[in-house]
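First up is the structure itself, then whatever we jot down about it.
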Amino acid sequence: MSKDILVTTAWPYCNGDLHIGHIAGAYLGADIFARYQRLRGNNVLMVSGSDTHGTPITVRAEEEGITPREVVDRYHPRFLTLWQKLGISYDLFTETDTENHWQVTQDFFLTHLKNGYIYKDTMKQWYCLDDQQFLADRYVEGTCPYCGYPEARGDQCDNCGRILDAIELINPRCRICGGTNLEIRETEHFFLDLAKLNGPLLEWIKEDKEHWRPKVLNYTRAQLESGELRGRPITRDIEWGIPVPVPGYEHKRIYVWYDAVIGYYSATLEWSHLTGQPDAWRTWWTQPEARTYYFIGKDNIPFHTIIWPGMLIAYGGLNLPYDVPANEYLNVEGRQLSKSRRWVIEVLDVLERYDPDPWRYTLTAIMPETGDVNFTWEEFIRRNNDELVATWGNLANRVLSFAYKHFDKRVPTPGPLDERDVELLRASEAAFDEVGGHIDAVRLRAALRAARRLAESANKYLNEKEPWKQIKTDRAAAATTIYVALQVIDRLKVLFYPFLPFSSQKLHEYLGYEGNIMGRQWVEEVREKERKHLVLRYDGSDIPIRWEATTLQPGQSLRKPQPLFRKLDPKLAEEEVERMIRGSQGA
RNA sequence: GGCGGCGUAGCUCAGCGGUAGAGCAGGCGGCUCAUAAUCGCCGGGUCACAGGUUCGAAUCCUGUCGCCGCCA
C-alpha cells in the first residue's frame, strides 16, 4: 500500500554558500530517504527553499553595499546548482520572498490572531535618534556586559559566545550610522502565545513518538514539562521581510523565524499550483495517515518540535510532524566549522575537484546521527579508496569485465544453481528488507553498512568460486557463477541507489539497461503577478527501477564497463588540510 | 550553576543485560577476474575509575575524574 510522505529540510539562509556540515546535517539524509521511499512506490513530496528574510541577509547586504534582494539573487541560484551537482532531489526548492509565501504567511498570522494565539505587548529596544528608527539586535554593537569585549553584537558576543539581550550592551553604537545617540524606547509587537500552546503540545508529545530519536524527544519533553513556554515576538522593527497585515503596523515586519517554518506548507502549495493540481497539497497536510519528516540540524530542534507544531495547532486542521530526525554537528579536522573563522569545506568548491558520490558515501558513513562526528580528509580518502573503490566499485568492475570478455559482451545463461549460488542470491534478496528497514527508521549509517556487507559477501563468493579457473575447465559453471554475480551487482545497484545515485546510473547502463534512474532536475522561472523567482524541480516518474530484487535477463547485451569510482592519491589529504589552514589564516 | 552527551583494540567507531566486535594500521598466507584490487588467518582491550542492583553488567543505578555541547 502506497504511503504519503512529505520530506522537508531546513531552509538555508540565503547569505552564503553551504558547507559539508550542512549537507551531513540535513540535506543528504533527506535525499537518501526520499529516493528510497520513491523506489518503494510511496507518494513522496520533498520540498524546501531559501530563507531570504532576517538580519543575516540584511547584514550581508550592507557589508557589500547591495540590496537584500541582490544577496538572494546571488546565492539562491548557487543553491540550485549545488542540489543538481550533488543530486539532492527536491520536488520543489523555492524561496520565501515570493507572493505565494507572503500570502500564506499573512494568512497564518491573521488566523493565529483570529484564533486567539497572538497578543500584543511592548518590549524595550534601542532607538537611534539620528536615524529615527528602532534597531534590531544585530544592528546594535557595544561592550559585552559579561566579558567586556568591546565589539559584541546585540544578539551575541563573539568573544565569550553568550547570547545577549541587546539592551544589556554597554556603550551601544548604531550599526547603521555608527553614532552613539541611542536611547531605550518601548515598542509594540505581536507575540505568539506559546504559553497557551504548552498544554496541547504536551498532549501531542505523549502519543506515538517511540520512533523519535531519544535526544530529540528528551529535549522536547524537558522543555514542555518543566520550562514554562513564554510568548515569543513575531514582529520586528526592520524593513526587510513580510509586512504585518494589520492596519497601523505597516512599518513592522514579520520576524524571520515565524515565516521560515511556514515555508514547509507554502512550498507544498506552490508545488500544487505549478503541477496544475491545486488540491494536491491536502494529500500530505490533511490526511491523518500522511507522514511528514523534517530533516534538520540539532540547533533547530525547538523550532520543529515545539514552535512549528504549536503554530500548526494554533492554525488548525494541518498535520503535525511525524518525525524530526535531527542530526548533530560535523567537525572538520577536530575543529568546529565556522564561516567567520574561515574553517569550512564548501560543497560547490570541492565538487570542482571530486565527484559527488564519494562525498555522499563518506558523509553518510559518518553521518552525525547520535553524536558529533569528526571529518578528516584522511578518512575521506581512505573511505573512498578502501570502501567505495575497493569493495564496491571493484566488485562491479571485476564481474562486468569478466562477463564482457568471456561471454560475448552479454549476460551469460546460468546452469543449475548449487548451494553457494542460492545462498548469495538469498542474501541479496534479504538485503532489501534489511537496508530498507534501516532507512525507514532513518538509520542511514546502518543502512549503508548493510549494503556494503552484501558487496563484501559477493567478493567472497567470487574468490571461492574462482570463475577465472572455471572458465578454463567448465565454461557452464563459470557462466553460472558470473550470472549469479551479475544478478547480485544489479541488486546492489538498487540497494546503493539512494546513497550513490550517480554511480548506480552508470552501472545501470553498463548492465545493458536503458533509461534514467536518477530522475530529471531542472531550474525554471516562476512568474507571479508582480514578481518572479527561480525554483528547482524534479521528475522521477519515469524511473525504471523499484525497491525489490531484480531479475537479470540472460543474453542481455552489456556495455563496455568503466570503473565506477576513481582512486584518490593519499597525498591529497595533506594538500587539502594545508589549503584549509592557509584559507583560515588572517581570519 | 542547571540540563545533556561522551570516555570500548595503536587509530576511527559499533555494541547498550547473557562467554568482548568491525574497519583501518601491523604480521603471515591464498588467488590473479578486477582500479596492486580481492579472500583467509594472526597478534592486540582489567569496555575511564569506585561502589551497588542482578544467577550474570561494557550494557541498569549512584558517586568520582576527564573531555564536549546546550542553557542560565
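Order of the sequence lines sets the chain letters (A, B, ...), proteins ahead of strands, with each chain counted from 1.
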Between [N] and [M], how many Å separate the two [atom1] atoms, rounded to a whole number?
| N | M | atom1 | result |
| --- | --- | --- | --- |
| B:rC60 | B:rG2 | C1' | 24 Å |
| B:rA58 | B:rC71 | P | 36 Å |
| B:rG45 | B:rG40 | P | 24 Å |
| B:rA34 | B:rC70 | C1' | 50 Å |
| B:rC39 | B:rC49 | C1' | 42 Å |
| B:rG66 | B:rG26 | P | 36 Å |
| B:rG23 | B:rU8 | C1' | 15 Å |
| B:rU19 | B:rC28 | C1' | 28 Å |

Using a heavy-atom cut-off of under 4.0 Å over every strand shown, decide if [X] touches base, sugar-phosphate, or nothing.
| X | answer |
| --- | --- |
| A:E328 | nothing |
| A:E387 | sugar-phosphate |
| A:P563 | base |

Whole angstrom is fine here: how far is it from [atom1] in [X] over to [atom2] in [N]?
| X | N | atom1 | atom2 | result |
| --- | --- | --- | --- | --- |
| A:K298 | B:rG69 | NZ | P | 9 Å |
| A:N300 | B:rC71 | CG | P | 13 Å |
| A:Y510 | B:rA34 | OH | P | 16 Å |
| A:L388 | B:rU38 | CG | C1' | 16 Å |
| A:L448 | B:rA22 | CG | P | 19 Å |
| A:E456 | B:rU38 | CD | P | 10 Å |
| A:F565 | B:rU35 | CZ | P | 15 Å |
| A:R453 | B:rG21 | CZ | C1' | 12 Å |

Counting only side-chain heavy atoms from C-beta out, which of [options] sits nearest to [X]?
| X | options | value |
| --- | --- | --- |
| A:R398 | B:rC33, B:rU32, B:rG5 | B:rC33 |
| A:K469 | B:rC31, B:rG23, B:rU38 | B:rC31 |
| A:W468 | B:rA34, B:rU35, B:rC31 | B:rC31 |
| A:L564 | B:rU35, B:rG69, B:rC31 | B:rU35 |
| A:K215 | B:rU32, B:rG5, B:rA37 | B:rG5 |
| A:A390 | B:rU38, B:rC24, B:rG69 | B:rU38 |
| A:R382 | B:rA37, B:rG23, B:rA14 | B:rG23 |

Any strand: nucleotide that pairs with [N] via Watson-Crick or wobble, under 3.5 Å:
| N | answer |
| --- | --- |
| B:rG21 | B:rC13 |
| B:rC70 | B:rG2 |
| B:rC41 | B:rG27 |
| B:rU62 | B:rA50 |

Distance in Å, A:L552 CG paired with A:I489 CD1, rounded so as to fall on 0.5 Å steps: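 The CD1 atom of A:I489 is 8.5 Å from CG of A:L552, to the nearest 0.5 Å.
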
Mind checking the CZ-CG spacing from A:R491 to A:L454? Nearest 0.5 Å is all I need.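 Output value for this atom pair is 9.5 Å.
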
State, with a plain yes or no, whether a side-chain heavy atom of A:L28 is found less than 4.5 Å away from one of A:F33.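 Counting from C-beta outward, A:L28 and A:F33 never come under 4.5 Å.
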
Under 4.0 Å between a side-chain N or O of A:K567 and OP1 or OP2 of B:rA36?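 So the side chain of A:K567 is outside the cut-off, no N or O lying under 4.0 Å from OP1 or OP2 of B:rA36.
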
For B:rG40, does either OP1 or OP2 sit under 4.0 Å from a side-chain N or O belonging to A:K460?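 For A:K460, the contact criterion (side-chain N or O under 4.0 Å from OP1 or OP2 of B:rG40) is met.
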
Do A:N394 and B:rU35 have a side chain to base donor-acceptor pair shorter than 3.5 Å?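 A donor-acceptor contact between them is absent.
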
Quick test of your reading of the model: are A:D193 and A:R230 salt-bridged, counting only N-O distances below 4.0 Å?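 The answer is no: the pair does not qualify as a salt bridge.
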
Nearest nucleotide by nearest heavy atom, which residue falls closer to the 5' end of RNA chain B, A:D372 or A:K405?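 Looking at the nearest nucleotide for each, A:K405 comes out on the 5' side.
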
Return whichever of A:V399 or A:Y329 has its heavy-atom-nearest nucleotide of RNA chain B closer to the 5' end.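 The residue whose closest nucleotide sits nearer the 5' end is A:V399.
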
Cation-pi check for [Y] against [X]: NZ or CZ below 6.0 Å from the six-membered ring centre and within 45 degrees of the axis, yes or no?
| X | Y | result |
| --- | --- | --- |
| A:K298 | A:Y329 | yes |
| A:K493 | A:Y513 | yes |
| A:R232 | A:W257 | yes |

Residues which pass salt bridge (charged side-chain N to carboxylate O under 4.0 Å, His left out) with A:R452, listed by chain and number, not counting sequence neighbours: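 Once residues adjacent in sequence are excluded, the partners of A:R452 under the salt bridge (charged side-chain N to carboxylate O under 4.0 Å, His left out) criterion are A:E387, A:E456.
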
Compare the ring of A:F402 with the six-membered ring in the base of B:rC33 and state whether they stack (centres under 5.5 Å, planes under 30°).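 No, A:F402 does not stack on the base of B:rC33.
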
